[in-house]
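Notes follow the structure.
Here is how names work: the chains are called A, B, and so on, in the same order as the sequence lines, proteins then strands, and each is numbered from 1. Note that this is a predicted model, so its numbers are computed, not measured.
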Number of protein chains: 2
Amino acid sequence: MKLENSLRVTRQRRILLEQLKLSDAHPTASEIFDAVRKELPRISLATVYRNLELLAEKGLIQLVGTAESRQKRFDWNPRPHCHAHCVRCGGVADIEPSPEINALLRGSVDSLRDFEVLAARIDFLGYCPQCRATVPRCSE
Amino acid sequence: MKLENSLRVTRQRRILLEQLKLSDAHPTASEIFDAVRKELPRISLATVYRNLELLAEKGLIQLVGTAESRQKRFDWNPRPHCHAHCVRCGGVADIEPSPEINALLRGSVDSLRDFEVLAARIDFLGYCPQCRATVPRCSE
DNA sequence: GGGGCTTATAGTAATAGTTCCTATTATTAT
DNA sequence: ATAATAATAGGAACTATTACTATAAGCCCC
């Protein structure tokens, strides 16, 4: 197994990626740290951060998140898709892109002249089903 | 002038909003701080942060930015539109939504069942025209 | 399958953007 | 004007992330 582009296959890197792939919950760096620590108790948080950044840079995973949440979240699936962010619990869910969205994600937008698109991102903010059920709502 | 929803009209708040509206550059909190300080030399950075958050919460301005940039940026225009984020210089430009995008922004997405959408966000990451011209490129 | 080059790691310190705290001041309703 | 209440300045605290450095581990070639 070679990770690509001269990334060495270290035990830390392998287990980090394994753990990330176990979940669709888009965990934060420290959640990933906690998970990996169960197998590698001596791993450093800095190693987790370094590798998450590196793997995202190489396109093997993706960084997700919004401007409002302080912490970054990661998605094991590097393929373009949309995310729904709960403004209450911070949870992130995958959204299956419709054909129209897929067209957008591939970059067919007029007003973008001269801006070279590397990635398009569509995010929805709102309440996830759980929070929706328990949030106090205005009745107006 | 009343700001809405029991927000008091303080000198700080008024000038902050004025300054923000002077620019389409989507400034950061500290850039706004610097601009406001020219008129209000004794304003506190905490005041700037507090008000930016408050105004965004009330829907009078909007928070923009991506998970990769550490600092938040703000847009005086609260109406839904898209943004192009330069991955090199961090600059943000407004993108005029096409009709199809507008449909998305209004919330017509299938797979979102049970997730209550408060806002949709479409962001493009890439190189702005300036950076595009000066970034060293691979010729492959 | 061992030597040596090179990259990665652990552990910790440092950074930076943001938020919190509290005594004081300003705004608004009356 | 006065009283009630919300907002501010200034600085301390917080926290996610990044930087640093001596040590350890992959990997390539023989």
Looking at [N], I'd like to know if its phosphate oxygens (OP1 or OP2) sit under 4.0 Å from a side-chain N or O belonging to [X].
X      : N       : value
T10(A) : dT9(C)  : yes
K72(B) : dT19(C) : yes
Y49(B) : dT18(C) : yes
R8(A)  : dA25(D) : no
Q12(B) : dA26(C) : no
R42(B) : dT8(D)  : no
R13(A) : dT9(C)  : yes

To the nearest angstrom, how far is [X] atom [atom1] from [N] atom [atom2]?
X      : N       : atom1 : atom2 : result
E57(B) : dA6(D)  : CD    : P     : 15 Å
L40(B) : dT25(C) : CG    : C1'   : 14 Å
I43(A) : dT12(C) : CD1   : P     : 15 Å
E68(B) : dA16(D) : CD    : C1'   : 15 Å
L54(A) : dT17(D) : CG    : P     : 16 Å
L7(B)  : dT27(C) : CG    : C1'   : 13 Å
I32(A) : dT17(D) : CD1   : P     : 10 Å
R50(B) : dT22(C) : CZ    : P     : 15 Å

Nearest-nucleotide pick for [X], side chain only, options being [options]:
X      : options                   : answer
T47(B) : dA8(C), dA9(D), dG10(D)   : dA9(D)
R70(B) : dG11(C), dG26(D), dT15(C) : dT15(C)
E53(A) : dT18(D), dA8(C), dA7(D)   : dT18(D)
N51(A) : dT9(C), dT17(D), dT8(D)   : dT9(C)
A46(A) : dG11(C), dT19(C), dA8(C)  : dG11(C)
Q71(B) : dG17(C), dA8(C), dA7(D)   : dG17(C)
V9(A)  : dC27(D), dT27(C), dA10(C) : dC27(D)

Side-chain heavy atoms of K58(A) within contact of E53(A), under 4.5 Å: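 K58(A) vs E53(A): side chains apart.
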Side chain proximity check, T28(A) to K72(A), heavy atoms < 4.5 angstrom: no
Aromatic ring pairing H83(A)/H26(A), orientation class (parallel under 30°, perpendicular over 60°, tilted between): perpendicular
Intermediate values then yes/no, side-chain contact (heavy atoms from CB on, under 4.5 Å), R73(B) and L63(B): CA-CA 6 Å; R73(B) 289 176 171 272; L63(B) 172 61; over 6 Å; no
Straight-line distance of F33(A) CZ to L16(A) CG, nearest 0.5 Å: 11.5 Å
Sugar-phosphate only, base, or nothing, as touched by L45(B) at under 4.0 Å among non-hydrogen atoms: base
From CA spacing to verdict: side-chain contact (heavy atoms from CB on, under 4.5 Å), E39(A), R11(A): CA-CA 10 Å; E39(A) 282 197 59; R11(A) 199 159 150 59; 5.8 Å; no
